[in-house]
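Just below is one structure, and these are the notes that go with it.
Sequence positions, counted from 1, serve as the residue numbers for this chain. Order of listing sets the numbers, starting from 1, for every ligand and every atom in it. Heavy atoms only: backbone and side chains are in, while hydrogens, waters and symmetry mates are out.
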Amino acid sequence: MRIDVLTIFPQYLAPLELSLIGKAQRDGLLDVRVHDLREFAHDRHRTVDDTPYGGGAGMVMKPEPWAAALDALVAPAKGSAVAVASASASATPLLIVPGPAGRPFTQAFAAELATRPWLAFACGRYEGIDERVYEYAADDLGLRVEVVSLGDYVLNGGEVAVLAMVEAIARLVPGVVGNAESLVEESHSDGLLEYPVYTKPASWRGRDVPPVLLGGDHGRIAAWRRERSIERTVARRPDLLPAAALTGLPSDDVEG
Ligand code: ADE
């Protein structure tokens, strides 16, 4: 999978060199390319923002640098830094713009994005990007554009959201996580929160691991884990319950 990130703070994305995502890049499973938006701003000060029409606080990102960067990504101009990086890619990327006004980022959406060969992330700063950039990307460049939110809170810019989204997406790309089984039972994979987990020692500071986990009866262990998942989801995220697959609820046992 190829991932391009456009940002005015390329160093913010340095953690993508680390850990599983870094290894996946070295293994050739991921091809992450971070681009400095200011390279596409051509005035003396490499300006990327200006005051908002209509007034109000803060600054808005100017359309020209964004259009130039997207042009270079999609239809590389000869000799540009992005052109060299893009030369081998044929299709167009799905353009993701992180922002608090976007569609919620979920595990299901991460799984859908993980099947894509090419994603591009456009990191906004300040009060956001001039709205015409979205229209240009969709209408003139033919890109599917998705504004995506991590949650109902406001970050200073898209970079931290990109780190989170790329990690959630990349770990679902086959081969990135060594033990694929570990993806199956984690939180949100079945719409529920994950059950509590324990390791050795069996007794620690007066607290014992639940005995069912020591018994080796895989059926009982699976049933216990499902009950704990449901309990935890009821307590912490009741909003998830209507959509979760609720076969095997404890009450199902009682009612047969
Ligand atoms: N940028 C600013 N706030 C954000 C959020 N909640 N999610 C994604 N990107 C953002």
Side-chain angles (χ1 to χ4, degrees), residues 1-19 21 30 32-38 40-41 47-63 65-67 69-70 73 93-116 118-138 141 143-173 186-188 191 193 236-237 239-240 243:
M1 169 187 277
R2 174 174 164 184
I3 296 175
D4 288 85
V5 185
L6 298 163
T7 170
I8 58 168
F9 293 121
Q11 310 94 304
Y12 236 117
L13 285 306
L16 295 178
E17 300 296 324
L18 304 175
S19 190
I21 308 296
L30 293 180
V32 181
R33 306 172 191 186
V34 179
H35 312 281
D36 186 350
L37 183 72
R38 285 197 197 276
F40 300 93
T47 311
V48 294
D49 62 331
D50 208 334
T51 52
Y53 276 119
M59 301 290 271
V60 173
M61 294 192 98
K62 291 165 66 62
W66 278 112
L70 293 171
L73 198 64
L94 194 164
L95 182 64
I96 299 169
V97 187
R103 139 182 195 182
F105 187 66
T106 62
Q107 188 68 18
F109 191 29
E112 184 201 323
L113 295 174
T115 66
R116 293 271 172 167
W118 188 6
L119 301 175
F121 291 87
C123 298
R125 283 261 146 188
Y126 318 113
E127 297 306 308
I129 303 171
D130 187 301
E131 190 65 22
R132 292 167 293 181
V133 173
Y134 301 88
E135 296 165 13
Y136 175 75
L141 299 180
L143 303 183
R144 177 177 155 196
V145 183
E146 292 275 7
V147 182
V148 181
S149 171
L150 279 197
D152 293 338
Y153 46 83
V154 179
L155 304 168
N156 285 337
E159 288 77 6
V160 167
V162 169
L163 288 175
M165 287 192 251
V166 167
E167 183 154 312
I169 295 163
R171 63 196 298 284
L172 300 177
V173 171
E186 60 194 8
S187 287
H188 303 293
L193 302 185
R236 298 181 186 172
R237 291 292 307 277
D239 57 300
L240 296 178

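- Here is the list of ligand 1 atoms found below 4.0 Å of a heavy atom in V148: 8 (C).
- With respect to V145, the side-chain contact (heavy atoms from CB on, under 4.5 Å) criterion is satisfied by exactly one of V97, L94, V133: V97.
- Using a 4.0 Å cut-off between charged side-chain N and carboxylate O, R132 and D130 make a salt bridge.
- Applying the 4.0 Å criterion to heavy atoms of A161 picks out, from ligand 1, the atoms 8 (C), 9 (N).
- R103 forms a cation-pi arrangement with F109, by the criterion of a distance under 6.0 Å to the ring centre and an angle within 45° of the ring axis.
- Of all the heavy atoms of S149, the ones lying under 4.0 Å from any atom of ligand 1 are found in both the backbone and the side chain.
- Below 4.0 Å from some heavy atom of L150 lie the following atoms of ligand 1, by number and element: 5 (C), 7 (N), 8 (C).
- At least one N or O atom of G99 sits closer than 3.5 Å to an N or O atom of ligand 1.
- Assignment of G124 to the shell around ligand 1 is not supported, since no heavy atom sits closer than 4.0 Å.
- Annotation: Y153, atom OH; neighbour count of heavy atoms from other residues, nucleotides and ligands within 6.0 Å is above 12.
- Between V5 and C123, some side-chain heavy-atom pair lies under the 4.5 Å cut-off.
- The residue D152 has no part lying near ligand 1, judged by heavy-atom distances below 4.0 Å.
- Nearest protein heavy-atom neighbour of atom 3 (N) of ligand 1: L155 N, 3.0 Å.
- Under 4.0 Å is where a charged nitrogen must lie from a carboxylate oxygen, and between R144 and E112 at least one such pair does.
- Closest of all the heavy-atom pairs between K62 and D49 is CD-O, 3.6 Å.
- For the pair Y153 and ligand 1, the shortest N or O to N or O distance falls below 3.5 Å.
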